[in-house]
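Reading through the structure tokens given below for one structure.
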Amino acid sequence: MYRSGFIAIVGRPNAGKSTLLNSLLKEKIAISSDKPNTTRNNIAGILTQEDCQYVFVDTPGIHKPQQQLGRILNKNAYTAMEDCDVIAWIIDCTQPFGRGDTFILERIKKLHKPTLLLLNKVDMLTKDELMKACLAWQEQYNFDELIPISALEKDNLDELLRVFKAYLPEGLAMFPEEMKSDHDETFQMCEIVREKILKRTNQEIPHSIAVVLESRKEDENHMDLGMLVIVDKPSQKGILIGKQAKMIRSIRLASQKELSEKFHKKVHLDLYVRVEKNWRNQHEKIKEFGLDELDDND
Ligand SMILES: Nc1nc2c(ncn2[C@@H]2O[C@H](COP(=O)(O)OP(=O)(O)OP(=O)(O)O)[C@@H](O)[C@H]2O)c(=O)[nH]1
Ligand SMILES: [Mg+2]
């Protein structure tokens, strides 16, 4: 019997959703970082096996929104939960159940779908601590399964796949076997640059940037890319460029390196920084930067 279906990977920011997606696919599909709300779009990772096609959907971390962008990020995650066959709620098991979790749990209760709780980051806990965490989480809800994993160390992921399969409906593959993700190259390129920025900046800057591809020219061995980095305050532009342009240079070089590796070509990247004041509260801008894919104007 062939099985196929959608598994929504949801949870609070920083729980390890994107790391898990990449570990399951054995390929970098989504960017990750230690900054909350790294992921902004729903990103499918498709794993096709002999008797099963898993469509994992990485989602933005569900959080208390401060801006319109935040509300749209939550909406993206909620939509994935509504559209999936199985919910994989991933939690950072070094953190106790908190207020942020109650919002997610309320949604889960309403959906009446198979829900697996993935206790992630077990590499940070002793066996005793893990046991206590499992007991504490079990009290919150009647989960179909509790599975301890380490997305980073790829611990217990074979077991996780085995369990997921049991909850997927019978059905044919929905995507061609060679298809690994539902996002195009432009998206992946911009995300690589955004990740390099997230890793080098702090506080408001990681949340305030957007990256847009302006130009792409290439031949067999070379690729010339021009990208726009949007910030939402003039002061952020200075920080991003840095003293003697050191910061932007470091972002550019690290991005070029990864882009060259990924696309098997020598990449030359130009970066321009532009201020779009308060863009995170403007729906038109959010859409323009590709962050509201659902576009139902709420
Ligand atoms: N020790 C440990 N760290 C992990 C594990 N999984 C993820 N991390 C780290 O946790 C941080 C957040 O990981 P992400 O995968 O970006 O988290 P996310 O849930 O996608 O976060 P958002 O996209 O912001 O919602 C990164 O620094 C990861 O390296 C794990 O199993 N063990
Ligand atoms: Mg993520």
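We're numbering straight along the sequence, starting at 1. As the structure lists them, so they are numbered: ligands from 1, and atoms in each ligand from 1.
At least one N/O/S atom of S18, whether from backbone or side chain, sits less than 2.8 Å from the Mg ion (ligand 2). Coordination check, S32 versus the Mg ion (ligand 2): failed, since every N/O/S atom of the residue sits at 2.8 Å or beyond.
Of all the heavy atoms of N120, the ones lying under 4.0 Å from any atom of ligand 1 belong exclusively to the side chain. Only the side chain of D123 comes within 4.0 Å of ligand 1, counting heavy atoms alone; its backbone N, CA, C and O stay farther away. If you look at S33 next to ligand 1, the close heavy atoms, those under 4.0 Å, all belong to the backbone.
Listed by atom number, the atoms of ligand 1 under 4.0 Å from S32 heavy atoms are 14 (P), 15 (O), 16 (O). Heavy-atom proximity to D34, at under 4.0 Å, picks out these atoms of ligand 1: 27 (O).
For E159, the CD atom counts as densely surrounded, since its 6.0 Å shell holds more than 12 non-hydrogen atoms of other residues, nucleotides or ligands. Residue-environment remark: CD (E106) exceeds the threshold of 12 foreign heavy atoms within 6.0 Å. Within 6.0 Å of atom CZ in R216, more than 12 heavy atoms from other residues, nucleotides or ligands are found, so the atom counts as buried in its surroundings.
Checked by distance only, ligand 1 and G61 come closer than 3.5 Å through their nitrogen or oxygen atoms. Inclusion of P13 in the set of residues having an N or O under 3.5 Å from an N or O of ligand 1 is not warranted.
A salt bridge links E284 with K287: at least one charged nitrogen is closer than 4.0 Å to a carboxylate oxygen. Taking a cutoff of 4.0 Å between a charged side-chain nitrogen and a carboxylate oxygen, E204 and R280 qualify as a salt bridge. Here E214 does not pair with R274 in a salt bridge; the nearest charged N to carboxylate O distance is not below 4.0 Å.
In this structure, E153 has no heavy atom closer than 4.0 Å to ligand 1. K35 counts as a contact of ligand 1, since one of its heavy atoms falls under 4.0 Å from the ligand. For the ligand labelled ligand 1, residue P36 lies inside the 4.0 Å heavy-atom shell.
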Report task. For K35 and N202, run side-chain contact (heavy atoms from CB on, under 4.5 Å): C-alpha distance rounded to whole Å, both residues' side-chain angles, the deciding distance at 0.1 Å, then the answer. Result -> CA-CA 8 Å; K35 307 295 180 326; N202 288 305; 3.4 Å; yes
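Proximity annotation for atom 5 (C) of ligand 1: of D155, T38, L152, I31, L152 comes nearest, heavy atoms only.
The side chain to side chain contact (heavy atoms under 4.5 Å, CB included) test with T19 singles out one residue from S150, S33, S32, and that residue is S32. Of the options I29, V57, V55, a side chain to side chain contact (heavy atoms under 4.5 Å, CB included) to I46 is made by V55 and by none of the others.
Considering only non-hydrogen protein atoms, atom 17 (O) of ligand 1 sits nearest to G16 N, 3.2 Å. Looking only at heavy atoms of the protein, atom 21 (O) of ligand 1 is closest to N14 N, 2.9 Å. Counting protein heavy atoms only, atom 25 (O) of ligand 1 is closest to K17 NZ, 2.9 Å. Of the protein's heavy atoms, T19 OG1, 3.9 Å lies nearest to atom 28 (C) of ligand 1. Regarding atom 10 (O) of ligand 1, its nearest protein heavy-atom neighbour is K121 NZ, 3.1 Å.
Although no hydrogens or angles enter the test, the distance criterion places a donor-acceptor pair under 3.5 Å between the side chain of K265 and the main chain of D219.
Defined by atom type and a distance below 3.5 Å, a donor-acceptor pair is present between the side-chain atoms of D292 and H283.
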